[in-house]
Protein chains: 4
Amino acid sequence: MSRHNYNEEKIIAKKKYIMEIAKEIFFKKGYENTSMNEIAKQAKMAKGTIYLYFSSKKDLFFSLVYEGLEILEKMIKNNIKSGEKGLDKILNMGRAYIQFYREYPDYYSFVIKYESEKADLDTNEPLVLNSYEKSEEIYDILKLLILKGIDDGSIREDIDINKTSMLLWLQTIGVVQQYELRKKLYENWDEKFPSSSILDFYIDFMEKSLKK
Amino acid sequence: MSRHNYNEEKIIAKKKYIMEIAKEIFFKKGYENTSMNEIAKQAKMAKGTIYLYFSSKKDLFFSLVYEGLEILEKMIKNNIKSGEKGLDKILNMGRAYIQFYREYPDYYSFVIKYESEKADLDTNEPLVLNSYEKSEEIYDILKLLILKGIDDGSIREDIDINKTSMLLWLQTIGVVQQYELRKKLYENWDEKFPSSSILDFYIDFMEKSLKK
Amino acid sequence: MSRHNYNEEKIIAKKKYIMEIAKEIFFKKGYENTSMNEIAKQAKMAKGTIYLYFSSKKDLFFSLVYEGLEILEKMIKNNIKSGEKGLDKILNMGRAYIQFYREYPDYYSFVIKYESEKADLDTNEPLVLNSYEKSEEIYDILKLLILKGIDDGSIREDIDINKTSMLLWLQTIGVVQQYELRKKLYENWDEKFPSSSILDFYIDFMEKSLKK
Amino acid sequence: MSRHNYNEEKIIAKKKYIMEIAKEIFFKKGYENTSMNEIAKQAKMAKGTIYLYFSSKKDLFFSLVYEGLEILEKMIKNNIKSGEKGLDKILNMGRAYIQFYREYPDYYSFVIKYESEKADLDTNEPLVLNSYEKSEEIYDILKLLILKGIDDGSIREDIDINKTSMLLWLQTIGVVQQYELRKKLYENWDEKFPSSSILDFYIDFMEKSLKK
DNA sequence: TATGAATGAGTCTTCATTCAT
DNA sequence: AATGAATGAAGACTCATTCAT
């Protein structure tokens with residue numbers, strides 16, 4: 001292994017280390033209320049050092065977002081392997097998103113924050129591009145699965161494929177996000193709130209509206 | 001009309017004027033990126049003057065939120081008057097929310113911003129309380145309408161009322177919010193994106209999953 | 001009575017009224033932490049109205065100071081009437097100052113605040129002049145009383161009259177002020193502190209150092 | 001010397017430098033009328049830089065107060081070493097306070113400002129606590145010295161120890177403060193005023209009232 | 001005489017980023 | 001590669017005073 005690679009590895013390791021520290025703080029306090037000062041202190045590094053590895057606070061944050069997107073993508077691709085019929089695969093896709101939310105609440109929060117602001121971001125940022133491509137890819141998968149579902153008789157034929165795929169996409173993300181929002185709110189209010197099982201119920205609900 | 005009322009009217013008019021100016025800037029730049037300085041400048045007023053009418057930046061913003069909530073409430077209550085069966089009324093309720101989003105995109109954005117942060121807000125703030133109560137009220141209406149729908153035979157009987165009402169609530173808000181997010185994103189990318197009609201499609205979709 | 005006088009009386013009454021309101025607030029919150037806004041509100045007047053009667057916040061405050069000085073002067077002049085010998089009169093003068101502090105803690109606080117800042121005040125202010133003259137007058141009385149005391153044999157002869165009179169003056173004001181300061185401090189700390197009787201003890205102490 | 005110590009020294013030096021600048025301005029203009037802006041400008045630093053060394057304006061000011069208290073404490077402890085009898089030591093203690101006032105008029109002004117406001121300060125502040133403890137310590141010394149004086153026959157026996165110690169304490173601080181106040185006032189008025197020697201006279205006066 | 005809305009300079013404090021070492 | 005001191009623009013908010021009505 002060349003010296004160059006050796007150094008590159010060290011750099012990547014350091015980046016991972018910083019990201020690990022930052023992940024916790026960003027998750028706990030949110031983007032705006034996290035200062036580079038605190039990250040540096042927690043990481044026992046000089047503030048300037050962080051800037052050797054990340055060009056800005058945004059860059060550091062979006063690297064975490066990107067990592068989150070990768071995890072999500074992997075989970076989705078993995079989940080749609082199982083299930084035979086198109087409908088099963090679609091439901092598994094929804095389950096994958098819910099699973100991501102449950103298992104990686106920190107990464108989930110970054111992805112959502114990113115999603116809600118990326119419309120205002122600089123179009124030249126490669127991270128926006130990447131995320132956009134990932135979204136498209138997932139969306140295309142969804143479309144194919146609906147087609148397959150109609151073909152194998154697991155999904156009704158009277159639906160518009162384009163609209164349905166888009167709607168399912170919007171709906172799933174939306175339901176999970178709203179659940180997260182309400183959950184925090186109701187917790188504060190010490191009130192009863194349907195447990196996380198409502199998300200499973202959502203999958204049932206989806207099934208009912210799609211199946212033949 | 002007494003002199004006192006005359007002055008009060010003038011004060012209310014000025015508040016409205018400031019809110020009008022602030023509404024545009026908040027809408028364009030978001031809460032954090034809007035400074036009182038800019039609002040004052042746009043309103044051709046001294047900074048201090050604004051503080052005569054609103055005790056803080058938060059107060060000014062939440063006044064807009066509250067106004068938005070009032071509009072939304074009115075639209076929902078108005079819309080569910082029409083329709084005979086429970087299912088019709090539920091669909092009209094969803095339509096009201098979409099209509100609010102379409103007709104008052106600015107107010108909509110404040111309400112959403114508020115909703116996504118109210119979990120972190122001070123519970124003692126009367127505005128949080130008010131909004132909370134409004135939400136509960138709307139949610140209760142939804143529950144009653146489902147009951148009515150089951151009763152009058154317009155809605156299937158095999159659903160859990162509590163879960164369904166909560167899910168419809170999360171889902172509708174979620175779909176609209178995700179639509180808004182994606183729309184802005186795709187617009188930037190000059191791509192084709194299912195027009196706003198997808199929201200109408202959502203209502204159809206909802207109908208299918210509820211009706212007997 | 002001429003119309004002019006009638007109006008003047010009304011003006012004086014209004015000034016008194018405003019001063020009464022302001023006295024309480026200044027006493028409770030201190031000069032810096034009292035705003036004209038609050039005074040106006042408490043007095044159920046418009047802010048501008050106060051400026052018809054007092055040219056500034058300072059003017060209003062110093063009018064209270066001046067009133068305090070008048071009360072103090074009257075008490076001193078009254079007290080030194082009683083007592084036969086020079087020493088008795090001097091002690092009564094000290095007692096008058098302590099009595100002023102005890103009976104008019106609010107006016108006392110204004111006088112002290114004024115005294116500690118008048119060195120930095122504009123020399124052209126007539127109020128500084130007045131106070132200065134009052135101080136001189138009192139100081140002269142003190143000097144005469146010492147002379148009389150030496151003459152009638154109630155006070156030792158081995159003291160320097162100028163220095164002693166000045167010292168008694170500084171000392172009495174100083175002791176009372178420090179007592180007030182410490183008292184508040186110790187109260188906060190819930191500790192035992194020699195009661196106000198220490199001020200009477202001070203008079204005894206003074207007597208011992210002066211008498212033949 | 002390690003690198004670490006080297007940096008720490010530099011930081012301390014910078015703190016001292018800022019305090020030196022601030023000391024002058026605070027002394028000249030008082031706490032309220034001194035702005036961080038001006039301190040930064042005088043120190044030829046960016047405003048933010050000062051906040052690297054002091055967490056707030058209060059912190060900066062109280063650091064000066066604390067330094068003053070340390071100097072005063074040292075002077076008192078040093079002065080009471082000399083003198084044989086209890087009375088001599090007490091007089092030297094008074095002289096120490098006067099010396100502090102004469103040699104460090106700036107620090108003296110901070111200490112007095114602090115003393116006059118500490119009753120209103122937050123009891124949780126460690127600086128208030130420290131100062132309180134210092135005061136108590138000095139006061140205890142005074143009490144012991146009076147006891148010693150009575151014991152060794154240099155002080156009269158007919159005095160109440162508690163009251164006397166408290167009174168001497170109040171009196172000394174009071175006299176010096178009043179002297180400072182009057183001095184500034186009379187200076188402005190270009191009048192003759194007993195020179196600083198009146199403070200020495202105060203010590204004589206004290207001696208006379210205490211000795212057997 | 002009375003009003004009270006309007007002013008705007010001034011306050012302390014924060015923090016992402018840079019750069020000399 | 002690493003440091004961390006320095007920057008300085010920007011933020012929300014206050015308040016004595018004025019002046020048109």
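A, B, ... follow the sequence lines: proteins, then strands. Residue 1 opens every chain.
- In this view, B/Tyr53 and B/Ile11, B/Lys14, B/Lys15, B/Ile18, B/Thr49 satisfy the side chain to side chain contact (heavy atoms under 4.5 Å, CB included) rule, not counting sequence neighbours.
- With sequence neighbours excluded, the residues forming a side chain to side chain contact (heavy atoms under 4.5 Å, CB included) with C/Tyr51 are C/Met36, listed by chain and number.
- Residues from residues 18-26 of chain C that place a heavy atom under 4.0 Å from any atom of DNA chain E: there are none.
- If you take OH of A/Tyr17 and P of F/dA1, they are 18 Å apart, rounded to a whole angstrom.
- Straight-line distance from the CG atom of D/Leu52 to the P atom of F/dT7: 9 Å, rounded to whole Å.
- Every residue meeting the side chain to side chain donor-acceptor pair (under 3.5 Å) condition with D/Glu20, not counting sequence neighbours, appears here in chain and number order: D/Lys23.
- Taking atom CD on A/Glu8 and atom P on F/dA1, their separation rounds to 12 Å, with Å as the unit.
- As a whole-Å value, the separation of D/Phe54 CZ from F/dA6 P is 12 Å.
- One can place NZ of C/Lys44 at 17 Å from C1' of E/dG4, the figure rounded to the nearest angstrom.
- Using a 4.5 Å heavy-atom cutoff, the side chains of B/Asp106 and B/Leu64 are not in contact.
- For the pair D/Lys41 NZ and E/dG10 P, the interatomic distance rounds to 10 Å; values are reported in whole Å.
- Residues passing the ring-ring contact (aromatic ring centres under 6.0 Å, His included) test with A/Phe110 are A/Phe61, sequence neighbours excluded.
- If you take CD1 of D/Ile50 and P of E/dT14, they are 14 Å apart, rounded to a whole angstrom.
- Taking the side chain to side chain donor-acceptor pair (under 3.5 Å) definition, one finds that D/Lys29 meets it with D/Glu38, sequence neighbours left out.
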Task: Dot-bracket pairing map - DNA chain F, Watson-Crick plus G-U, both contacts under 3.5 Å, | cross-strand - done: .||||||||||||||||||||
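- What separates CD1 of D/Ile39 from P of F/dG8 is a distance of 18 Å, to the nearest Å.
- Across all strands shown, C/Lys14 has heavy atoms under 4.0 Å from sugar-phosphate atoms exclusively, and none from any base.
- Distance alone, capped at 3.5 Å, places no donor-acceptor pair between the A/Lys113 side chain and the A/Gly30 backbone.
- Among the protein residues, B/Tyr53 comes within range of the sugar-phosphate backbone only, with heavy atoms under 4.0 Å from sugar or phosphate atoms but none that close to a base.
- Shown are B/Phe26, B/Phe62, B/Tyr114; of these, the ring pair (Phe, Tyr, Trp, His ring centres under 6.0 Å) with B/Tyr31 is made only by B/Phe26.
- Under the rule for a side chain to side chain donor-acceptor pair (under 3.5 Å), the partners of C/Tyr107 that lie at least two apart in sequence or sit in another chain are C/Glu67.
- For residues 40-52 of chain D, no pair satisfies salt bridge (Lys or Arg N to Asp or Glu O under 4.0 Å), with sequence neighbours left out.
- In terms of the side chain to side chain contact (heavy atoms under 4.5 Å, CB included) criterion, residue partners of B/Tyr17 (sequence neighbours excluded) are, by chain and number, B/Ile21, B/Ala43, B/Met45.
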Open item on the list: Base contacts versus sugar-phosphate-only contacts with protein, heavy atoms under 4.0 Å: please encode nucleotides 14-21 of chain F as B, S and - from 5' to 3'.
Closed with: BBSBB---
